[in-house]
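Lettering follows sequence order; numbering is per chain, from 1.
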Amino acid sequence: MNKLLAEEMYYLMVLGRAFEYAAKENYMKGNVSGFLHLDIGQEGFSVAAIKAFEKGDIFSTYREHIMAMARGIEPKAVMAELFGKATGVSGGKGGSMHLFEPSRFFYGGDAIVGGHIPNAVGCAYARDLQGSEDGVMVIFGDGTTNGGAFFESLNIAATHKLPLLFLCENNEYAIGTNIKRAAPFREQAKKAEPYMLTYEVDGMDAEAVYKTVREAQKNIQEGHGPVFIEAFTCRYEGHSVSDSNAYRSTQEMNHCKAKDPIKRFKKELQEKWLCSEDEIQTIEQKAQKTVEEAVEYAQNSPEPQPNVLFENVFYEERKNVVS
Amino acid sequence: MNKLLAEEMYYLMVLGRAFEYAAKENYMKGNVSGFLHLDIGQEGFSVAAIKAFEKGDIFSTYREHIMAMARGIEPKAVMAELFGKATGVSGGKGGSMHLFEPSRFFYGGDAIVGGHIPNAVGCAYARDLQGSEDGVMVIFGDGTTNGGAFFESLNIAATHKLPLLFLCENNEYAIGTNIKRAAPFREQAKKAEPYMLTYEVDGMDAEAVYKTVREAQKNIQEGHGPVFIEAFTCRYEGHSVSDSNAYRSTQEMNHCKAKDPIKRFKKELQEKWLCSEDEIQTIEQKAQKTVEEAVEYAQNSPEPQPNVLFENVFYEERKNVVS
Amino acid sequence: MLYREALNRAIDEVMSVDETVVTLGEDVGLYGGSFRVTEGLVEKYGEKRVIDTPIAELSIVGNAVGMAIGGLRPIAELMTGNFSLLAFDQIINHMAKLRYMSNGKLTLPMVVRFPQGVSKQLAAQHSESYEQMLSAVPGLRVLSVNDVNYAYHALKYAILSDDPVVFIEHELLYNKKGEVDFTQELDPFKARIAKEGSDITIVSYLKMLDDVMLAVPEIEKELGCSCEVIDLCSLNPIDYATLSKSIEKTSRLVMVEEDHKTGGYGTQIIAWAAEEMFYALDAAPLRLAGEDVPIPYNRKLELASIPTPESIAQKVIEWGRKNDV
Amino acid sequence: MLYREALNRAIDEVMSVDETVVTLGEDVGLYGGSFRVTEGLVEKYGEKRVIDTPIAELSIVGNAVGMAIGGLRPIAELMTGNFSLLAFDQIINHMAKLRYMSNGKLTLPMVVRFPQGVSKQLAAQHSESYEQMLSAVPGLRVLSVNDVNYAYHALKYAILSDDPVVFIEHELLYNKKGEVDFTQELDPFKARIAKEGSDITIVSYLKMLDDVMLAVPEIEKELGCSCEVIDLCSLNPIDYATLSKSIEKTSRLVMVEEDHKTGGYGTQIIAWAAEEMFYALDAAPLRLAGEDVPIPYNRKLELASIPTPESIAQKVIEWGRKNDV
Ligand SMILES: Cc1ncc(C[n+]2csc(CCOP(=O)(O)OP(=O)(O)O)c2C)c(N)n1
Ligand SMILES: Cc1ncc(C[n+]2csc(CCOP(=O)(O)OP(=O)(O)O)c2C)c(N)n1
Ligand SMILES: [Mg+2]
Ligand SMILES: [Mg+2]
């Protein structure tokens with residue numbers, strides 16, 4: 001990491017948090033609808049992971065706004081998607097859970113828990129066959145490590161020594177169910193141990209996440225096969241905007257928020273990279289402004305045309321009646 | 001084990017082998033059809049496991065003729081089922097892969113690889129709730145340990161500390177695919193290690209299998225939760241009667257057959273339990289006769305009545321038109 | 001009483017008298033259920049009978065099958081029908097077939113319940129309807145009721161029945177209000193005449209039935225006719241007797257559903273009518289259904305992808321005019 | 001050339017010219033494929049392009065989806081359609097929807113192929129037909145051909161197409177003999193007129209079409225009429241143009257399929273005809289399909305559970321007499 005990158009990461013974290021609050025606000029206003037999963041509290045993890053995995057393909061879950069932006073997708077295109085507008089990254093057809101940008105090797109947003117993991121395995125297979133070095137990263141939560149798709153993927157990736165980085169964001173909850181009630185232990189890396197190299201990392205420490213992902217990608221690039229990283233994080237909000245978060249006590253929430261990744265990284269910026277208060281404020285203001293512009297852009301963007309409903313069901317637009 | 005049991009086990013093994021050859025012969029004659037998976041070479045394993053798991057529920061795969069008989073289902077009812085006759089254990093509706101006898105707590109024959117494992121987990125849950133002690137045993141092959149149903153079950157059984165014995169029959173092949181080409185290692189117990197106590201045992205050694213299953217069941221009865229046993233075996237025939245077995249060399253087959261479980265157990269009978277040649281011959285003849293009678297019975301049994309086609313789709317026979 | 005409260009009441013009542021009844025699913029316990037159908041049950045019956053499961057749909061149904069074999073009466077909840085696809089092997093190859101394959105030796109008293117359909121902007125992976133697939137499986141009963149009173153009675157029946165039942169709900173019905181008559185004896189396999197009429201038989205079910213009812217006044221006004229509206233309630237078996245009686249009276253048939261037009265559930269109703277009621281029909285039947293597209297996120301597109309009260313009224317009126325109704 | 005050889009040839013040809021084409025599935029490589037469709041390919045193209053997978057159907061399809069995203073053209077083989085249920089989430093929620101949800105940013109050039117149907121005494125978990133479910137999914141093309149020549153051309157088309165295709169085969173067709181015209185240009189989405197005729201339109205597909213052809217001589221003799229037999233070939237989209245032309249000529253429609261009567265694939269054909277061809281029909285259409293029971297093992301019961309040439313002839317003749325054909 002260098003100062004430039006550190007500043008960029010800080011920018012993305014602050015941007016991410018502001019973006020999420022803006023999304024929530026616009027959900028309350030009725031501009032955004034459907035399921036809206038906020039990444040507040042996990043910005044350090046999301047930004048660091050994506051920036052560390054510089055090149056290569058990324059498959060993520062539905063909690064992916066910040067990851068998408070860290071991968072270079074325009075905040076306004078993400079916000080417009082949340083607004084369901086034609087200018088959204090998925091043309092308003094996908095919404096919050098489905099942000100796709102193949103030109104940035106980001107295959108976003110799957111809303112089936114675990115469903116994207118076999119896809120990532122297949123993509124890693126393709127990269128391997130094509131002789132590409134960078135591999136594939138797949139991100140998922142602790143609740144995902146109890147489902148068949150995850151397990152099958154561990155086995156296949158290990159059998160074929162695929163260039164695949166499994167990145168588990170363990171925030172200890174799947175909606176309202178604590179991981180200890182859905183698995184026999186808290187640490188999900190244990191499940192991967194028979195198959196591959198595993199790492200555990202404090203997901204509230206962006207620098208640590210960054211380093212671990214870098215190391216893991218290097219391992220993959222050197223042809224040692226798949227790697228598993230588990231990052232312990234904490235989401236500050238409910239599972240989605242419609243979840244009241246009643247299953248976590250104030251005490252638990254306070255404990256969790258005390259580890260704030262943005263505050264922590266800011267301190268690093270100041271102490272390690274010697275950023276001045278001014279420099280930091282400039283970054284924060286820029287982030288704030290970008291979010292405001294994104295909301296404005298989304299607000300002013302047109303709705304999709306009605307005929308869009310029938311487009312892109314298929315690549316070849318073939319009429320039902322052929323002859 | 002005592003002499004009586006050893007003799008019974010030997011009887012069941014010899015019976016099993018003779019039964020399987022008779023089934024094959026009748027398949028060639030056209031009396032038996034569909035998929036016919038023979039258990040030849042694995043008789044020691046199948047008989048010992050079932051006899052050791054004295055009480056409790058058993059869920060098995062499609063390779064279950066010998067297990068069914070070891071559980072006390074009449075050989076003639078099994079053979080009649082293979083013949084598709086009304087007197088078959090499943091009334092001719094199930095065939096070789098679907099032998100069910102709830103009165104013996106045998107829920108036999110599932111033809112979906114891994115499909116019966118979640119069912120066994122559910123049954124173990126029921127037994128736990130009901131306060132029954134004996135638990136449940138589920139038997140499956142090495143090829144089954146790569147599928148989602150298996151993994152999900154490990155996790156759930158361990159989370160709830162269910163009284164469940166996972167018994168893996170590792171004959172190294174899933175049809176024509178060697179386990180080392182479908183998993184990163186040969187020993188499938190490794191996959192269970194993060195979740196529960198595991199054992200490995202030579203599946204060609206009936207006595208060892210017997211002891212291991214006994215010990216495992218004791219563990220379960222004491223409330224320590226699920227256990228995993230892996231038994232290394234060898235099937236002498238192709239995957240099913242229609243498989244030519246061309247993917248295994250003569251050398252591999254010879255090596256495999258040298259460990260014959262029946263010969264080995266016979267020696268034990270003689271040396272450890274001091275059975276005379278006469279006693280052994282009597283057993284073998286009885287087994288042979290039982291199989292012959294089973295074939296005759298199956299042959300002479302009636303076909304199911306045509307109306308049986310519509311019976312037992314539902315428990316409550318409710319007409320489609322209600323009013 | 002709300003629809004979801006009626007369901008809760010049905011489960012609660014049965015659990016209180018029959019201790020073999022258990023319910024399992026993601027967040028059904030401590031969390032109270034995603035749609036609050038199981039609210040309060042874990043406090044009453046404990047974590048051993050109200051079981052929070054991991055996110056493993058194949059196992060949720062697969063475990064329920066095993067519980068039923070082991071002597072329990074499980075009610076498995078899937079968060080939405082969209083995730084039921086992960087459990088299709090257990091639903092179709094196990095839950096539906098084990099009784100038949102065992103020649104009746106096994107009995108599977110179990111319920112799989114889930115909500116489905118277009119709610120509000122949940123996008124393509126959270127908005128589908130799967131009754132056409134599940135109603136085509138021999139060995140399954142499929143109940144899917146619109147009415148609050150029926151919700152109570154049908155679910156209670158399903159739990160107490162010794163057969164496997166798929167009980168399909170709709171996300172937009174949970175807060176529907178209605179009266180429950182607890183003393184009634186109600187056959188959930190009998191279709192409900194939601195409205196009597198003499199000129200057009202309109203068949204529907206689940207949430208779409210409400211939209212049909214909203215469309216009816218305009219249809220009747222514009223066409224100067226009277227509509228009979230039938231709520232199927234049971235999607236398999238189908239109460240053909242009630243349907244044929246109505247069609248004999250009206251000579252005209254309209255089927256309205258939320259599922260896609262190609263291959264949707266209603267094809268069974270229309271195909272049956274074409275085969276069995278052909279000579280009773282005075283006009284080509286009409287089938288209104290969703291477009292053949294995945295459900296999009298944008299609200300306008302989403303609403304354009306399924307029938308609405310307005311589009312139902314418009315299309316039935318158009319059809320009525322063309323067919324001299 | 002045998003049907004399975006025609007499929008093998010199609011895959012082989014495309015693999016030889018396009019190195020992005022890979023095929024994966026259980027035992028497709030060293031073993032040569034359960035039904036020998038992939039025989040010889042691993043020797044030619046190596047284990048990296050002819051991939052033996054573990055028994056993990058969800059992953060087989062899910063990996064194929066990821067391969068397609070990554071720029072390959074995967075052909076995923078499932079041993080039978082019965083196991084496709086384990087992959088329904090990947091087929092329906094991913095393969096079919098990713099293009100739409102991404103507004104066309106993702107393209108999924110992939111094929112999922114499997115055999116299905118009643119073979120010989122494979123019992124309930126190995127004998128089902130799943131085209132009704134998969135043909136109802138927007139975003140999937142479903143091809144299912146009866147003819148050897150079509151098998152070659154349709155599979156080649158499917159592999160080269162940039163859209164996801166489900167290619168459904170039948171266990172009893174693999175050894176069917178036929179000529180392949182390699183130079184032909186053939187549109188696999190156009191229905192095939194298997195036999196011209198003027199009085200009854202009989203629609204079928206896959207294996208059942210052969211049974212229809214066996215039944216036709218007796219039907220024609222007994223009813224003194226001439227049958228037109230149409231092989232659908234593409235189950236989605238449906239070639240309605242060919243169907244309507246035929247029905248306009250014959251005024252009578254019979255649909256024959258192996259799937260169950262309730263909710264089977266043919267309901268779509270009959271429902272379409274009832275809606276769109278009602279006034280062209282002189283008689284109630286007839287739909288012959290399997291019984292609403294899981295498929296039993298016993299051979300006699302098994303044959304009684306699905307249409308056979310004899311039962312087809314008998315039922316069409318009966319219907320013809322009743323309806324003045
Ligand atoms: C197959 C499937 N089952 C259930 C759901 C409903 N659901 C959405 S997110 C979620 C929890 C996932 O938790 P986790 O993997 O820990 O991710 P987190 O939300 O904590 O980031 C559940 C149960 C779903 N989307 N897909
Ligand atoms: C879900 C599913 N996929 C594929 C098959 C086809 N199949 C039947 S048995 C088998 C191999 C199973 O191997 P293993 O688990 O090792 O058991 P074994 O036959 O060696 O006893 C396969 C692939 C199936 N029946 N079910
Ligand atoms: Mg989580
Ligand atoms: Mg094996």
Side-chain angles (χ1 to χ4, degrees), chain C residues 57-58 82-86 88-94 96-97 99-101 123-125 128 130 132-139 236-238 253 255 259-260 262-279 281 283-287 290-294 296-297, chain D residues 57-58 82-86 88-94 96-97 99-101 123-125 128 130 132-139 236-238 253 255 259-260 262-279 281 283-287 290-294 296-297:
Chain C
E57 284 77 8
L58 184 67
N82 303 277
F83 317 147
S84 77
L85 296 180
L86 282 159
F88 259 41
D89 170 64
Q90 284 295 337
I91 297 174
I92 297 173
N93 275 326
H94 295 84
K97 289 180 186 164
R99 180 167 181 82
Y100 192 78
M101 297 197 308
Q125 291 178 329
E128 283 292 332
Y130 289 110
Q132 71 99 355
M133 298 188 184
L134 295 168
S135 303
V137 179
N236 188 15
I238 295 163
L253 174 63
M255 171 82 217
D259 200 359
H260 305 290
T262 295
Y265 175 78
T267 55
Q268 170 61 30
I269 303 296
I270 301 289
W272 162 79
E275 273 199 283
E276 304 295 334
M277 306 297 296
F278 188 79
Y279 303 105
L281 287 171
L286 175 68
R287 194 173 144 247
E291 300 292 344
D292 288 333
V293 301
Y297 169 73
Chain D
E57 284 76 9
L58 185 66
N82 302 277
F83 317 147
S84 77
L85 296 180
L86 283 158
F88 259 41
D89 169 63
Q90 284 295 337
I91 297 175
I92 296 174
N93 276 325
H94 295 84
K97 289 180 185 162
R99 180 168 181 81
Y100 192 79
M101 297 197 309
Q125 291 179 328
E128 282 293 332
Y130 289 109
Q132 71 98 355
M133 299 191 183
L134 295 168
S135 302
V137 179
N236 189 15
I238 295 163
L253 174 62
M255 172 82 216
D259 201 359
H260 306 290
T262 295
Y265 175 79
T267 56
Q268 170 61 29
I269 301 297
I270 300 289
W272 163 79
E275 272 199 283
E276 304 296 334
M277 306 297 299
F278 189 76
Y279 303 106
L281 287 171
L286 175 69
R287 194 171 144 248
E291 301 293 343
D292 287 333
V293 301
Y297 169 73

With a 4.5 Å cut-off on heavy-atom pairs, point out which of C:Ala273, C:Gly264, C:Ala274 contacts chain D the most.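 The answer is C:Ala274.
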
Look up atom CD1 in C:Ile92 and atom CZ in D:Phe88, then write down how far apart they are to the nearest 0.5 Å.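 Going from the CD1 atom of C:Ile92 to the CZ atom of D:Phe88 covers 6.5 Å.
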
When rounded to the nearest 0.5 angstrom, what distance separates OH in C:Tyr265 from OG1 in D:Thr267?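 So the gap between those two atoms works out to 10.5 Å.
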
Within the 4.5 Å heavy-atom criterion, are C:Leu86 and D:Leu58 side-chain neighbours or not?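 C:Leu86 vs D:Leu58: side chains touch.
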
Between C:Asn82, C:Val137, C:Leu281, which shows the greatest number of heavy-atom pairs under 4.5 Å with chain D?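 The residue among C:Asn82, C:Val137, C:Leu281 with the greatest pair count is C:Leu281.
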
Which bit of D:Ala283 comes within less than 4.5 Å of chain C, counting heavy atoms only: side chain, backbone, both or neither?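 Both backbone and side chain.
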
So, taking the atom named OG1 in D:Thr262 and the one named CH2 in C:Trp272, what distance separates them when rounded to the nearest 0.5 Å?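 The CH2 atom of C:Trp272 is 12.0 Å from OG1 of D:Thr262, to the nearest 0.5 Å.
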
Using modelled atom types and a 3.5 Å cut-off, is there a donor and acceptor pairing between side-chain atoms of D:Gln125 and backbone atoms of C:Asn93?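 Side chain of D:Gln125 to backbone of C:Asn93: a pair is present.
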
Option in D:Ala96, D:Pro296, D:Ser135 with maximal non-hydrogen atom pairs under 4.5 Å from chain C: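 Top count of heavy-atom pairs under 4.5 Å with chain C: D:Pro296.
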
Contact summary for C:Ala271 and D:Ile270, nearest pair of heavy atoms: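 Closest approach of C:Ala271 to D:Ile270: CA-CG2, 3.7 Å.
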
Which value, rounded to the nearest 0.5 Å, describes the distance between C:Asp292 atom CG and D:Asn236 atom CG?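 The CG atom of D:Asn236 is 7.0 Å from CG of C:Asp292, to the nearest 0.5 Å.
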
Quick check: does any side chain N or O of C:Tyr279 sit under 3.5 Å from a backbone N or O of D:Ala284, one acting as donor and the other as acceptor?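 Answer holds: yes.
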
Only pairs of heavy atoms separated by less than 4.5 Å count here; which of D:Met277, D:Glu128, D:Met255 has the most with chain C?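 Greatest number of close heavy-atom pairs with chain C: D:Glu128.
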
Please determine, among C:Ala123, C:Pro285, C:Pro294, the option with the most heavy-atom pairs under 4.5 Å with chain D.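 It is C:Pro294.
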
With a 4.5 angstrom heavy-atom cut-off, could you sort out which part of C:Ala124 is near chain D: side chain, backbone, both or neither?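 Both parts, backbone and side chain.
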
Give, as side chain, backbone, both or neither, the part of C:Tyr130 having an atom under 4.5 angstrom from any heavy atom of chain D.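 Contact with chain D is through the side chain of C:Tyr130 alone.
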
What part of C:Met133 lies closer than 4.5 angstrom to a heavy atom of chain D: side chain, backbone, both or neither?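 For C:Met133, heavy atoms of backbone and side chain both lie under 4.5 Å from chain D.
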
Toward chain C, the part of D:Glu57 with a non-hydrogen atom under 4.5 Å: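 Neither part, no heavy atoms under 4.5 Å.
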
Using a 4.5 angstrom heavy-atom cutoff, name the option from C:Met101, C:Gln132, C:His94 with the most pairs to chain D.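 Result: the option with the highest number of such pairs is C:Gln132.
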
